[in-house]
Amino acid sequence: MPEVQKRGAFIVVEGLDRSGKSTQSTQLLEKLRSAGIDAKLLNFPDRTTTIGKMIDSYLRSESELDDRAIHLLFSANRWEAASSIESSLRAGTLILCDRYAFSGLAFSAAKGLPYTWCRAPDVGLPAPDLTLLLDVSPEQQAKRGGFGAERYEKAEMQERVRAVFERVGDEMGAGGRWVVVDADAEQDAVAYELWRHVEPLAQGTEEPIRRLWDEEEERRRVSELYL
Ligand code: DGP
């Protein structure tokens, strides 16, 4: 029997501002690397590219853009990394990603753009094998020193984003690919919980790379047919 080739796993960490997402992603990377795993951490938006610089200027309120235009830029910023994500995965590297298309959907739908329109530009991107949503309560967000000065860092906006993340989670279903982690817990407890979900994927997976939002679309089509 020919041996099935493993590829690196694709793991996304999502969450609201002040959820501890970036700290936890960095720690997770260190833990993976010290376990001997070839792993890379990406951040979206990637503010270093030409598109990323436009996004950065928008987030700092140094420039104004139509809501749809900025949405498409966030998506383009992921697309410009898509082929390198895929080739890293195929080369056996685990890709850890601090935010991905789910943030794109959550933040733009929270502004009032239609949900299905928001999803469309990200259709076909490599789909994560696992998404960990760090769920922080408004009370904890406030306790953690409130928000910074960037555009979306306001309590009402965060509440709306939270609601869209819930909807995304419901649609992702119970297949284990979307995991909600209580981010109000102590830092070590959150890290432990994240590791519990990441460890089984650390050595790679034999599954083919899927595309966003294939499975979810299929589930929706089937339920529309039969309900
Ligand atoms: P961060 O660098 O993780 O703090 O993210 C910067 C801000 O941008 C944060 O408030 C979340 C928001 N954001 C991240 N990705 C997207 C996206 O794809 N679309 C929109 N509209 N906002 C996003």
Side-chain angles (χ1 to χ4, degrees), residues 10-29 40-82 85 95-128 131-136 138 140-142 144-169 181 183 190 194 212-213:
F10 183 17
I11 299 171
V12 168
V13 183
E14 285 282 10
L16 294 175
D17 295 297
R18 299 277 168 204
S19 60
K21 185 178 53 57
S22 301
T23 311
Q24 290 290 345
S25 306
T26 309
Q27 277 187 11
L28 201 48
L29 178 75
K40 232 189 243 175
L41 174 61
L42 307 180
N43 300 278
F44 288 111
D46 172 0
R47 303 186 194 217
T48 64
T49 68
T50 304
I51 294 170
K53 286 183 184 133
M54 292 172 74
I55 295 173
D56 182 57
S57 145
Y58 172 83
L59 286 172
R60 293 166 185 273
S61 302
E62 288 165 6
S63 61
E64 290 305 318
L65 275 169
D66 174 82
D67 285 346
R68 284 177 168 78
I70 186 66
H71 181 77
L72 296 173
L73 287 180
F74 272 109
S75 176
N77 188 235
R78 290 183 280 274
W79 275 109
E80 59 185 345
I85 292 178
I95 296 287
L96 192 58
C97 210
D98 178 348
R99 290 198 192 280
Y100 197 52
F102 311 106
S103 276
L105 180 51
F107 280 82
S108 292
K111 287 174 168 177
L113 293 182
Y115 187 86
T116 46
W117 186 90
C118 293
R119 259 176 27 150
D122 289 312
V123 168
L125 278 174
T131 301
L132 299 153
L133 176 73
L134 296 193
D135 186 27
V136 63
Q140 268 299 327
Q141 280 182 307
R144 291 177 185 176
F147 299 116
E150 285 203 337
R151 197 178 278 266
Y152 300 140
E153 300 189 18
K154 301 184 179 71
E156 324 80 79
M157 175 68 178
Q158 299 282 323
E159 264 303 294
R160 290 199 297 271
V161 172
R162 193 161 202 263
V164 189
F165 270 136
E166 261 175 43
R167 175 171 174 186
V168 178
V181 174
V190 176
L194 294 182
L212 283 180
W213 313 74

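Numbering of ligands and ligand atoms starts at 1, following listing order.
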task = Answer yes or no: does an N/O atom from D17 fall short of 3.5 Å to an N/O atom of ligand 1?
result = yes
request  = Please report which non-hydrogen protein atom sits nearest to atom 11 (C) of ligand 1, along with the residue it belongs to and the distance in Å to one decimal place.
outcome  = F107 CZ, 3.3 Å
ask   = Under 4.0 Å from ligand 1, counting heavy atoms only, is it the side chain of R151, its backbone, both or neither?
value = neither
Atom pair CD1 (I55) and CZ (R60), whose distance is rounded to the nearest 0.5 Å = 13.0 Å
request  = Evaluate the ring planes of F44 and Y100, with Trp represented by its six-membered ring, and classify them as parallel (under 30°), tilted (30 to 60°) or perpendicular (over 60°).
outcome  = tilted
ask   = At a non-hydrogen distance cut-off of under 4.0 Å, which region of K111 contacts ligand 1 (side chain, backbone, both, or neither)?
value = neither
Test: E64 and R151 ion pair at under 4.0 Å = yes
key: Atom indices of ligand 1, in the order listed, that fall short of 4.0 Å to a heavy atom of K21   = 3 (O)
ask   = Of the protein's non-hydrogen atoms, which lies at the shortest distance from atom 12 (C) of ligand 1, and what is that distance?
value = Y152 CD1, 3.7 Å
ask   = So, E153 side chain and F147 main chain: donor-acceptor pair closer than 3.5 Å or not?
value = no
message = Can you confirm whether L133 sits close enough to F165 that some side-chain heavy atom of one is under 4.5 Å from a side-chain heavy atom of the other?
response = yes
note = Separation between CG (L96) and CD (Q24), nearest 0.5 Å, reads 11.0 Å
inquiry  = Below 3.5 Å, N or O to N or O, backbone or side chain included: is there any such pair between E153 and ligand 1?
reply    = no
query = With a 4.0 Å cut-off on heavy atoms, is R47 touching ligand 1?
reply = yes
query = Yes or no on salt bridge (Lys or Arg N to Asp or Glu O under 4.0 Å) for K111 and D66, after CA distance, side-chain angles and deciding distance?
reply = CA-CA 12 Å; K111 287 174 168 177; D66 174 82; over 6 Å; no
ask   = Is the side chain of R144 donor-acceptor paired with the backbone N or O of R18 at a distance under 3.5 Å, no angle test?
value = yes
note = A student checking ligand 1 against R78 at a 4.0 Å heavy-atom cut-off should list atoms 17 (C), 18 (O)
ask   = Does ligand 1 have an atom that lies less than 4.0 angstrom from a heavy atom of R99?
value = yes
query = Side chain or backbone of L59 under 4.0 Å from ligand 1, or both, or neither, by non-hydrogen atoms?
reply = side chain
